[in-house]
Amino acid sequence: MSVQLSSLWVPNSPPIPQHFVPNRGRFSASALSSQSPTIQIIGVGGPSWRENGYGNPNNNNLFDGCQGESDHWSELDTDLYHWTKALRPVQWFPGHIAKAEKELKEQLKLMDVVIEVRDGRIPMSTSHPQMDPWLGNRKRILVLNREDMISTADRNAWADYFTRNGTKVVFSNGQLGMGTMKLGRLAKELAADVNVKRRSKGLLPRAVRAGIVGYPNVGKSSLINRLLKRRMCPAAPRPGVTRELRWVRFGKDLELLDSPGILPMRISDQSAAIKLAICDDIGERSYDVADVAAILVQMLSKLPTVGRDALCKRYKIDVDCRDGRIFIEKLAVRVFNGDVHQAAFRVLADFRKGKFGWTALERPPKWRQMFAFKSRTLKLELKITLETSWN
């Protein structure tokens, strides 16, 4: 039975609907023994991954080392799904985005390589659902900006995830310029064949055209300014500053397209929408600050790198963080003369400034990695088995 406190869901809610959670079926050799008795199939799922030895360094399971973190982040995603159900949906689609989206689709035809910028704290939530169909087979570089705002463990987890998926990823800090020179070199390398083809046709070489795309306020313009080493594109720490497409030249060999942040007309994943609000990647008018801050408190209390004690110590209040709304109300009474809006804004601002330590709000979907790894393992085992049979 769920418990409602100030309209926000708190733990001991019913489990997430079956369609929302990936199937965790157990695979075993006996299940396939009639077809291929010589192929060993290693357990993946089951009632608990820990029961399969996942995370046990002395176990031979190929997926050792991720059990604790995987379960922890899965539980947090499940909780967040329930927490957002009681809130007003977060939606933001100002008029300039519709116009920019139409123009961007036309400009994509001119691009040799596309640089997609995401917020390093929430890489999945800042991935546009239509980006893959728009880009097609165009060469792409993924930039995870604000690497200075996540931990080394977060960075390594995402680097491993995208490498396994064959995606070229660059971590950057648009404010300080870290990663920008590597990005420029990589863009030129990926599009080097453009001028090879032009020369074969008797045409003169031209600058490589790279489009920089992504959600609002993920640091696209700041990245360009750092590449150019001068302020060519307007940039500010709030969404919606860039409102039109603009080509700028980087030396003789590279042209960059700065574009406004592009959001879906309707955000169906409200867990992602809340994360956008927390990280200031969506317009403030689209959400209730107190609701978002309450969700943030509940998330931080569950993160091992933060936890309830850190929250209570920072704000000098002793309250159960499982209900973020009560936490915000207590903080408002103690510090802001009962102004809940100011208390909520303070909590959000503290997170955005790293007052709780630098931490991501997402980790890679481990089950996808595991099944991809599982597939490669099966192919390798099948190959070994066949070679052994032939020999």
Side-chain angles (χ1 to χ4, degrees), residues 9-24 44-56 61-85 118-127 144 146-147 149-165 167 169 171 269-279 281 292 295-308 310-311 321-322 324 351 354 356-374:
W9 181 92
V10 295
N12 86 332
S13 275
I16 194 166
Q18 187 65 33
H19 68 272
F20 187 79
V21 181
N23 181 26
R24 295 183 179 178
V44 179
S48 169
W49 290 356
R50 191 178 302 276
E51 293 175 9
N52 291 331
Y54 189 53
N56 182 354
N61 194 314
L62 291 183
F63 304 125
D64 278 355
C66 302
Q67 157 64 22
E69 287 191 359
S70 177
D71 282 354
H72 165 74
W73 287 96
S74 296
E75 290 173 5
L76 183 58
D77 287 342
T78 302
D79 288 342
L80 185 57
Y81 170 81
H82 284 288
W83 294 339
T84 58
K85 297 294 283 184
R118 300 186 193 175
D119 190 324
R121 297 167 295 178
I122 48 172
M124 302 304 288
S125 294
T126 46
S127 171
L144 296 188
R146 301 190 178 119
E147 73 160 330
M149 302 179 78
I150 60 176
S151 68
T152 301
D154 295 326
R155 186 187 189 281
N156 291 342
W158 284 110
D160 179 67
Y161 172 73
F162 286 114
T163 299
R164 286 176 181 270
N165 284 275
T167 303
V169 61
F171 290 84
D269 184 353
Q270 284 300 296
S271 294
I274 288 292
K275 293 174 190 174
L276 293 174
I278 290 172
C279 295
D281 292 335
V292 172
I295 293 289
L296 175 60
V297 167
Q298 294 171 191
M299 292 183 70
L300 293 178
S301 69
K302 283 180 165 286
L303 292 178
T305 53
V306 184
R308 173 189 177 277
L311 286 164
C321 297
R322 288 182 299 174
F351 171 77
F356 304 107
W358 299 123
T359 182
L361 295 180
E362 291 179 344
R363 279 291 180 89
K366 290 289 184 182
W367 65 275
R368 292 183 190 172
Q369 292 188 40
M370 291 175 63
F371 279 100
F373 190 75
K374 176 68 175 179

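Quantities reported herein were computed from a predicted structural model and do not represent experimental measurements.
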Has the side chain of T126 got a donor or acceptor atom that lies under 3.5 Å from a matching backbone atom of D119?
-> yes

Any donor-acceptor pair under 3.5 Å from T84 side chain to Y81 backbone = yes

For a quick test of reading the model, state the closest non-hydrogen atom pair linking [X] to [Y] and the distance between them.
X: A360; Y: G120; answer: CB-O, 4.4 Å
X: C321; Y: S301; answer: CB-CB, 3.6 Å
X: V306; Y: L300; answer: CB-O, 3.5 Å
X: D77; Y: K275; answer: OD1-NZ, 4.0 Å
X: E147; Y: F171; answer: OE1-CB, 3.5 Å

May I ask you to test the [X]-[Y] pair for a side-chain heavy-atom distance under 4.5 Å?
X: I274; Y: L296; answer: no
X: P365; Y: Y161; answer: yes
X: C279; Y: F351; answer: yes
X: Q298; Y: I295; answer: yes
X: E362; Y: R121; answer: no
X: T305; Y: F356; answer: no

Electrostatic pair R322-D79, nearest N-O below 4.0 angstrom | no

How long is the straight-line distance from [atom2] of [Y] back to [atom1] of [X], given to the nearest 0.5 Å?
X: D281; Y: R146; atom1: CG; atom2: CZ; result: 5.5 Å
X: I122; Y: S271; atom1: CD1; atom2: OG; result: 12.0 Å
X: K85; Y: Q270; atom1: NZ; atom2: CD; result: 9.5 Å
X: W83; Y: T78; atom1: CH2; atom2: OG1; result: 10.5 Å
X: R155; Y: L144; atom1: CZ; atom2: CG; result: 9.0 Å

Evaluate the side chain to side chain contact (heavy atoms under 4.5 Å, CB included) criterion for residues L76 and L361: first the C-alpha distance (whole Å), next the side-chain angles of each, then the deciding distance (0.1 Å), finally the verdict.
-> CA-CA 9 Å; L76 183 58; L361 295 180; over 6 Å; no

Angle class for the F162/W158 ring planes (parallel below 30°, perpendicular above 60°, tilted otherwise)?
-> parallel

side-chain hydrogen bond (donor to acceptor under 3.5 Å, both in side chains) between D154 and S151, worked out | CA-CA 5 Å; D154 295 326; S151 68; 2.9 Å; yes

